[in-house]
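Scroll down for the structure; my scribbles are underneath it.
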Amino acid sequence: MEHRRDKARHPDAPRSGKGASYQHKRDRDAEGCASKRFRPGGQTFCSVPQSLSTRRQLYERDFPVYKQPVEVGCFSLDSERNFFSDSRQLRYYSDPGKSPKLNLRDGHHDRFIKRDESVKERLDHLLRWILENRVKLHSRNAATSPPCTLGVDFVTWRGHLTKLLTTPYETQEGWLLAVSRFGGTLYISEMETEAARVNRENRTERHEEMMYWGYKFEQYVCADDVHSVPDGCGVVNTNEAFCTVVQTRLADHKLLFSGEVDCRDKDPKSPPAPACYVELKTSAEICTPKQRSNFHRYKLLKWWAQSFLPGVPRIVAGFRDHDGVVVSVETFHISKISQLIKNEYNCWKPTVCMNFCSDFLSFVKSVVKEDDPRLVYLFAWEPHRDVTFSVHKDSEYTFLPDWYIKEMASQRNPETRQ
Ligand code: A3P
Ligand code: MG
């Protein structure tokens, strides 16, 4: 039994062999009921905890169980943001060579269609995927769930989980996560903070241009079909997306989440998804030891968290000069990133990220008890503070749409639906 569970662990998860002592520690920490702060690693409380600390030291335990993520489906969003429950937007990685001199500035003013970021889509695309794939989900989880539930504890976007993983190291930006319990499942949807909205509405021209560079790099190294080549002369349209939907488990939390995938390996012999997926990134070229250290300490943390979660094994990075020309291309294997950073003093640790995320999810489970899609528990965090929450009924924060609630609440067994 233990052997089977071990085999299904995330391939990049460190093996500590100390799962049992982790469990004992959790049991020990559950003693006493006086504190109203959620104790990291602890489980049971006499009263509902009011806050959760984000101090790194509290999360330096053994790496929690993180099962190898399994792709349960995918969907695509076209150039007008229309949803399709298929892989039509999946692109194929095409190696540009080690120093390709790609001009990322090209097309910014004449061949760029930018998604309207003021339109808040919340979990809608993922919810639509769930409705259209209930039968598949139900049969996967039938053993553990009644017919009308999903059989998972949490539904969310990968990006929201990435923010949770990096929280113990984040010093700049806070977050707001809205949570509702419905049909026994906890749905987590991010709300834009006031500070993030102000930043978004006041980006400099340089910042806007640099954001375009990331998408332009994708265009230079992605082909639409397995036998075609990239078209650097086409339009960059950020409405288009391919998203994977994965299921996994972090400690005792069953997760279903979706994340955008940039492209896949075109070799037909490559392993099945998500192991064939490739994440693309751009970054400023590294010229000094200080720049290398900053890259390891800050950028690799975000890159690692984003790809580790869905089990994407590698990142292809284009390093660009000040004028937006890619001067070198390097591959980073997610499983080797912890080795790369090990010489940095007081650096981030994968175990802290995963344990904080796991404890935050436990905190949410202990707080969000009432099953009501119109009730939102708003979890708020600012750097150097604890996570706190407030409760809102029928407010601007309600995010589960009526069409989803109605369809899910209909008592029809998904297996007998037409
Ligand atoms: P880089 O990855 O080269 O930075 P992703 O890498 O997640 O696939 O995102 C693709 C591009 O979208 C990024 O390219 C960046 O240009 C832009 N982008 C992603 N997240 C962003 C954010 N939070 N703010 C601004 N731009 C972002
Ligand atoms: Mg990318």
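What's counted below: heavy atoms across the whole structure, side chains too, no hydrogens, waters or symmetry copies.
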Quick check: do [X] and [Y] have side-chain heavy atoms less than 4.5 Å from each other?
{"X": "F257", "Y": "V246", "value": "yes"}
{"X": "I334", "Y": "V312", "value": "no"}
{"X": "M191", "Y": "F399", "value": "yes"}
{"X": "E190", "Y": "L177", "value": "yes"}
{"X": "W403", "Y": "L127", "value": "yes"}
{"X": "S51", "Y": "T388", "value": "yes"}
{"X": "N239", "Y": "D78", "value": "no"}

Donor-acceptor pair, distance only, cut-off 3.5 Å: does the side chain of [X] make one with the backbone of [Y]?
{"X": "Q50", "Y": "V48", "answer": "yes"}
{"X": "Y66", "Y": "L309", "answer": "yes"}
{"X": "S189", "Y": "A178", "answer": "no"}
{"X": "Y169", "Y": "R56", "answer": "no"}

Going by distance alone, is a donor N or O of one side chain under 3.5 Å from an acceptor N or O of the other, for [X] and [Y]?
{"X": "T398", "Y": "H392", "result": "no"}
{"X": "T167", "Y": "W175", "result": "yes"}
{"X": "Q247", "Y": "N141", "result": "yes"}

Crowded around [X] [atom1]? As in, over 12 foreign heavy atoms under 6.0 Å?
{"X": "K336", "atom1": "NZ", "value": "no"}
{"X": "R385", "atom1": "CZ", "value": "no"}
{"X": "Q172", "atom1": "CD", "value": "no"}
{"X": "R374", "atom1": "CZ", "value": "no"}
{"X": "R292", "atom1": "CZ", "value": "no"}

Centroid-centroid under 6.0 Å between F75 and F83 rings: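 That pair passes the under 6.0 Å test.
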
F38 and F379 aromatic centres sub-6.0 Å: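 Between F379 and F38, which both carry aromatic rings, the centre distance is not below 6.0 Å.
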
Criterion salt bridge (Lys or Arg N to Asp or Glu O under 4.0 Å) against R200, the qualifying member of E117, E173, E192: E192

For [X] and [Y], take the angle between the two ring planes, folded into 0 to 90°, and tell me which bin it lands in: parallel under 30, tilted 30 to 60, perpendicular over 60.
{"X": "H108", "Y": "F112", "value": "tilted"}
{"X": "W348", "Y": "W304", "value": "tilted"}
{"X": "Y377", "Y": "F389", "value": "tilted"}

task: Run through E71, R314, R264 and flag the one making a side chain to side chain donor-acceptor pair (under 3.5 Å) with Y277.
output: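 Answer after filtering E71, R314, R264: E71.
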
statement: Which of K163, K281, E260 passes side chain to side chain donor-acceptor pair (under 3.5 Å) with Q306? Answer is K281

Residue pair R81, D116: steps toward the salt bridge (Lys or Arg N to Asp or Glu O under 4.0 Å) verdict: CA-CA 10 Å; R81 212 71 182 160; D116 182 350; over 6 Å; no

query: Would E279 and W303 satisfy side chain to side chain contact (heavy atoms under 4.5 Å, CB included), going step by step from the backbone distance to the final call?
result: CA-CA 9 Å; E279 171 60 41; W303 289 10; over 6 Å; no

message: With side chain to side chain donor-acceptor pair (under 3.5 Å) as the rule and sequence neighbours excluded, what pairs involving residues 210-221 come up?
response: R91-E218, K216-Q219

